[in-house]
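Model, not experiment: these values are computed from the prediction.
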Amino acid sequence: MTNITGRVREAFRGDQRVDADALIARLDAVRRFLTAVDGLLPDAELVPAHTLVERAGTRLALSRDHTVVALAGATGSGKSSLFNALAQLELSPVGVRRPTTGVTHACVWGPLEGANRLLDWIGVLPRHRFVRESALDADDETALHGLILLDLPDFDSVQRSHRLEVDRLLGLVDQVVWVVDPQKYADRVIHDSYLREFHRHRDVTVVVLNQADRLPPAEVPRVLDDLRRLLDTDGLTGVPLLSTTAIDPAGMVGLRGALERTVAERQAALRRLAGDVDTVVAGLDELVGSARPAGGPDDSTVDGLNRALAGAAGVPAVTEAVQQAYRHRAVAATGWPLVRGWRRLRPDPLRRLHLPGPADAGADAAESLVAATSVPDPTAAQRSALGLAIRAVADRAAADLPAAWPGAVTAAARSRLGDLPDALDRTIAGTDLGLGRRPLWWRVVGGLQWLVTLAAVVGLGWLVLGYALRALGLPALDNPMVGQVPLPTLLLLGGLLAGLLLAALTRPVVRWAARRARARAEQRLTAKVARVGEEYVLTPVRVVLGSYAQARDALRDAARR
């Protein structure tokens, strides 16, 4: 698997030019990366990237006509002597006491006014700024116009403030000339703490073996070869390696020529920033890797979440109440009219849950206006199941992500956990349970029940009237006969038997229809609960996954050259 770091070209750029527009595009990609991961990754991991964006923006906004070159070295390496020799002025103090250089000195070739803003940003005090201009120079210094040469404090100074100042300035300058001497060129401090850290800035690094005059002429090549070996080990293959001596102008020709080429190219600042981007991208690579994550958890995990949400929302209790309410209402609508009033005195099961009751039948709008329910709170087992389901969603979604991201995915999945109970309750309360309309067959059966009841009442009245007339000695009614049975008796008994038979035949249908109503309500509630899960759990997870994809793509763009 090829990671982003592997795509970053580590080869020494040498004379290759860095395109300013391409560099700005890479910096913009780093900025997009930071925007994508804002609030998702630890801030400590992003400090170098934020620093790069801030410093690069400032450096590119300042003078591009100036090149800032720093002379860095250990105590006694003679960098201040080199600084004075290049300037041909005694600008930086040189002496036996160590450390001699306690503050940074700057020498500017060309007008000082154009370099002041850059030196203000770097942090060189005005009293330590000098201009290398003289009427006696004629055109001798023209090749270095635009150079800002810094003499840094000793990086191995016993004073900690000096070391901190060196570290700060090394992050701001365009090019570094590392000055070593024959006695301490192999010192582990400079190699382990500095040179090795500059392996991604090889194209803006120069190493000089100063005080070469202290070596026998035959020893100079041997020492240079050994120093080259150490530099190769440090990852600085290909960097210019020169020998210098500040006491002989001829010993400065190579270094001066290197500085003239740097100034003429106007590439040092761009190459330095390109190296900074390489360093930052390599540090961020482990945060994003190269895997392309899935768009979210799989269907089985989502189904598990929906089941857990349904349990926590009380869907089983509500659907059970729907089944009971359907039977209650169906029997009240299709039962024997003489006992319907007694049936209506019994409480509606949905009313006990503050869901649409019998008074709401036929009013869908009223059902949607219910703001809260009395559905029982989820049990400890249901809450635990919901927590495990949410964790499963996060784990599945983050399965292919680098180590820095699962925590962000889990936090996103749980980010709205506190709002879930109210959201689920509102969803249950606002769901149309399908009981708002009376089925047509209820009315048909209810009408038949009224007809047979009316027949029984007519038959009973007819018989009572006949008995009353006979009791009063009045002429009896002539009851028509249906076969061997008087019509009033047939109406009474037939109405009663027909009502009982109709009720008995309707009971299985009511039970079957109640089960269908329960299944229909369960389907609707589950769909609504799934929407809550999508909004409160899955969407935040997908937002994090989208941010990861944006960060990965941005870092890939930042790695391109």
Side-chain angles (χ1 to χ4, degrees), residues 69-109 128-134 136-145 147-157 162 166 173 175-187 189-190 194-195 205-228 230-231 239-263:
V69 179
L71 297 177
T75 303
S77 61
K79 55 184 176 57
S80 295
S81 299
L82 280 183
F83 180 80
N84 293 334
L86 288 168
Q88 299 178 22
L89 296 169
E90 291 294 327
L91 303 178
S92 186
V94 179
V96 178
R97 295 179 57 199
R98 307 297 183 205
T100 300
T101 306
V103 295
T104 302
H105 294 76
C107 182
V108 180
W109 274 256
H128 296 141
R129 304 174 187 177
F130 306 96
V131 178
R132 182 58 181 89
E133 285 293 324
S134 171
L136 301 176
D137 292 331
D139 294 331
D140 295 345
E141 301 299 315
T142 302
L144 291 179
H145 275 200
L147 173 65
I148 301 176
L149 187 64
L150 304 182
D151 182 19
L152 304 187
D154 304 326
F155 64 73
D156 61 347
S157 172
H162 292 183
V166 170
V173 299
Q175 187 176 54
V176 181
V177 176
W178 293 98
V179 183
V180 298
D181 62 87
Q183 287 75 34
K184 296 194 295 184
Y185 73 88
D187 187 80
V189 175
I190 187 173
Y194 290 97
L195 289 174
T205 299
V206 176
V207 180
V208 299
L209 177 66
N210 195 29
Q211 302 172 353
D213 54 297
R214 296 185 179 183
L215 293 171
E219 289 292 314
V220 173
R222 185 188 64 80
V223 174
L224 288 175
D225 289 343
D226 190 46
L227 180 54
R228 171 61 69 187
L230 294 174
L231 294 176
V239 301
L241 174 59
L242 309 170
S243 63
T244 59
T245 174
I247 63 175
D248 184 1
M252 301 294 296
V253 173
L255 178 57
R256 182 180 175 89
L259 294 177
E260 289 178 354
R261 288 192 299 273
T262 298
V263 171

Task: Which residues share a salt bridge (charged side-chain N to carboxylate O under 4.0 Å, His left out) with Asp187, sequence neighbours left out - done: none
TODO: Give the minimum heavy-atom separation between Ala258 and Leu242, together with the two atoms involved.
DONE: CB-CD1, 4.3 Å
Task: Interatomic distance, Gln175 atom CD to Thr262 atom OG1 [nearest 0.5 angstrom] - done: 4.0 Å
Task: Test salt bridge (charged side-chain N to carboxylate O under 4.0 Å, His left out) applied to Asp181 - qualifying residues, sequence neighbours left out - done: none
Open item on the list: Rounded to the nearest 0.5 Å, what separates atom NE2 in His162 from atom CG in Asp154?
Closed with: 8.0 Å
TODO: Take His105 and Val103 through the side chain to side chain contact (heavy atoms under 4.5 Å, CB included) test and state the conclusion after the steps.
DONE: CA-CA 6 Å; His105 294 76; Val103 295; 3.6 Å; yes
- [ ] Report the C-alpha distance between Val207 and Leu231 in whole Å, list the side-chain angles of each, state the deciding distance to 0.1 Å, and finish with yes or no for side chain to side chain contact (heavy atoms under 4.5 Å, CB included).
- [x] CA-CA 9 Å; Val207 180; Leu231 294 176; 4.0 Å; yes
TODO: Kindly give the heavy-atom pair with the smallest separation between Trp109 and Leu149, and that separation in Å.
DONE: CZ3-CB, 3.7 Å
- [ ] Please name the pair of heavy atoms, one in Val263 and one in Ala143, separated by the smallest distance, quoted to 0.1 Å.
- [x] CG1-O, 3.8 Å
- [ ] May I have the step-by-step check of side chain to side chain contact (heavy atoms under 4.5 Å, CB included) for Gln211 and Gln183, ending in yes or no?
- [x] CA-CA 10 Å; Gln211 302 172 353; Gln183 287 75 34; 4.1 Å; yes
Open item on the list: The test is side chain to side chain contact (heavy atoms under 4.5 Å, CB included); show your working for Thr104 and Asp151 and say whether it passes.
Closed with: CA-CA 6 Å; Thr104 302; Asp151 182 19; 6.0 Å; no
Task: Nearest heavy atoms of Val220 and Ala212, plus distance in Å - done: CG2-O, 4.0 Å
Open item on the list: Just verifying a value: how many Å separate Gln88 CD and Met252 CE, rounded to the nearest 0.5 Å?
Closed with: 9.0 Å
TODO: Examine the side chains of Ser77 and Asn210 and answer whether a donor and an acceptor come within less than 3.5 Å of each other.
DONE: no
- [ ] Calculate, to the nearest 0.5 Å, the distance between atoms CG and CG belonging to Leu71 and Leu86 respectively.
- [x] 6.5 Å
Task: Over all atoms of both residues, closest heavy-atom pair of Arg228 and Val239 - done: NH2-O, 2.8 Å
Task: Heavy-atom closest contact (Pro182 atom, Leu209 atom, distance) - done: N-CD1, 3.8 Å
- [ ] For Asp156 and Ala74, indicate whether the former's side chain and the latter's backbone hold a donor-acceptor pair under 3.5 Å.
- [x] no
TODO: Give, for atom NZ of Lys79 and atom OG1 of Thr244, the distance between the pair rounded to the nearest 0.5 Å.
DONE: 13.0 Å
- [ ] Check each of Thr245, Leu82, Val180 against Val208 using the side chain to side chain contact (heavy atoms under 4.5 Å, CB included) test, and report the only one that passes.
- [x] Leu82
Task: Reported CZ-to-OG distance for the pair Phe83 and Ser81, which is rounded to 0.5 angstrom - done: 11.5 Å
TODO: Could you tell me whether the side chain of Val176 reaches within less than 4.5 Å of the side chain of Val206, counting heavy atoms only?
DONE: no
Task: For Tyr194, all residues meeting ring-ring contact (aromatic ring centres under 6.0 Å, His included), sequence neighbours excluded - done: Phe155, Trp178
